[in-house]
Amino acid sequence: MTQAKVSDGIISSSHYSNIEGGRYMPPSETISLLAERLAVPSSYLLGGMIEDKELALLLKKYEELIETDELEQASQFFKTNKKKFEYIPSLQQEFYFNLLRCLHLFKSGQDDAFSHQYLETIVSFMDQESTSAISGFLQRRYFYIVALYHYIHNEYLDSIHCQRHALQLTVDPIISAKLNFNIALCYFHLSRYAESIEFTQKSKDFHLNLHNWRKVAECYNLLAVIYLELKDIQPAKEYIKKGLQILDNESEVTYPILLHNYALIYKEEQQYEKALTLINDALRLKKGHKLESIFFTLQAKIEILFKMNETSLAKNVLSEAEAFVSSELNKVQLEILQSKLHLQQNEFKEYEKKMQSSINYFHEHKNWKRIKELTEEFAQYFEDGKKYKQANINNRLCIQSINNMYKELMRG
């Protein structure tokens, strides 16, 4: 609404502009009329600097539930207290609530809702140049939420920049451990493996001092994945073994994740029978824990079955995987697997259609690493079929992706 529209029939737009700018305090009757026009309580317009003690306790409880990953309880808590969160007069408390809401949506895997909440309530309230206006308590949380927004949009350098800011604003070892781990993940996605190892080791040391064995195991898992990406199999195996030893309990949710990546190591070594055994164990435990990442383990199982030329079994697992698609990315990954099945069955048109669709998706999301992998495969396919024009198009796109990856490396 424009200022003229808000003030129409109540006061002049110039007078209203002075009220908005804090240059004039209107009488209570004017406030009531403006509040009615804006469909908010009068208190919402008057209490910008007044913090509510009861609300402070509610916000603290909400944060505790989110931070400890008790997300179902957090959702129930939000529903129960939704009316109290609807109009928060204090600017600081309202901002704090919106940061928590963003974090809750992110942790719940609701990326679209998170992005919408961030753009509607965070960007409109604060930019990175104006953070001195808020407390250090809120600054750290603000930079963390901005970092998460950049992370889910594959803007990893921007995410690292924000998380480094957040690191400077905390002395809490638990928070420092989390931030170092997240920075390591960003560097991993940028294929900057030396930095990724450095920050994973920092996170692991924090967690060791805190005796948080599950988080230590997660660090060992990430180190294993990094070395697997580097094709350095021996340290990858050692870190997986360390993770399994430190947990030594199948009931831990990280245990099947370690088994999953152990299977990928054996797949890399072409020991497909061992890989299949481990992936089945990982799948059994993930289903028991009802983990959201079941799809990725089914994806790995299908790829192992393809390597074993077990096309019929792979087709059955593909059908099972459809039930665990929970995001647009999962859908695209499923299409890639289906395209490989089409290729094995000489269904070339279907293969080409799904591959092109997948490449388009990753191009739209600027995932240069995946584009490079897919266009290499697609170019080879066209070259083998003597379709040199299509092969050339994909080779050029592959080179463009490599250049973009290089630019990101140099930018950091």
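Heavy atoms only: backbone and side chains are in, while hydrogens, waters and symmetry mates are out.
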(request) For atom CZ of R284, decide whether the heavy atoms of other residues, nucleotides or ligands shown that lie under 6.0 angstrom number more than 12. (result) yes

Tell me whether the rings of [X] and [Y] are parallel (<30°), tilted (30 to 60°) or perpendicular (>60°).
X    : Y    : answer
Y156 : H189 : parallel
Y149 : F114 : tilted
Y381 : F348 : tilted
F77  : F85  : tilted

(message) Looking only at the aromatic ring of each residue, does the gap between the centers of H207 and W213 stay below 6.0 angstrom?
(response) no

Can any side-chain N or O of [X] pair as donor or acceptor with the backbone N or O of [Y] at less than 3.5 Å?
X    : Y    : value
K286 : S293 : yes
S327 : N330 : yes
N404 : Q400 : yes

(message) Does R141 qualify as a cation-pi partner of F137, given the criterion of NZ or CZ under 6.0 Å from the six-membered ring centre and within 45 degrees of its axis?
(response) yes

(request) Using the six-membered ring of F188, assess whether NZ or CZ of K369 lies under 6.0 Å from its centre and within 45 degrees of the ring axis. (result) yes

(request) Return the set of residues passing side-chain contact (heavy atoms from CB on, under 4.5 Å) with Q344 (not counting sequence neighbours), or none when no residue passes. (result) F306, T311

(request) Could you tell me which residues satisfy side-chain contact (heavy atoms from CB on, under 4.5 Å) with A184, sequence neighbours excluded, listed by chain and number? (result) S196, F199, T200, L222

(request) Would you mind checking if R214 and E218 are paired as a salt bridge, meaning a charged N to carboxylate O distance below 4.0 Å? (result) yes

(request) Just jot down the side-chain hydrogen bond (donor to acceptor under 3.5 Å, both in side chains) partners of T254, sequence neighbours excluded, or say none. (result) none

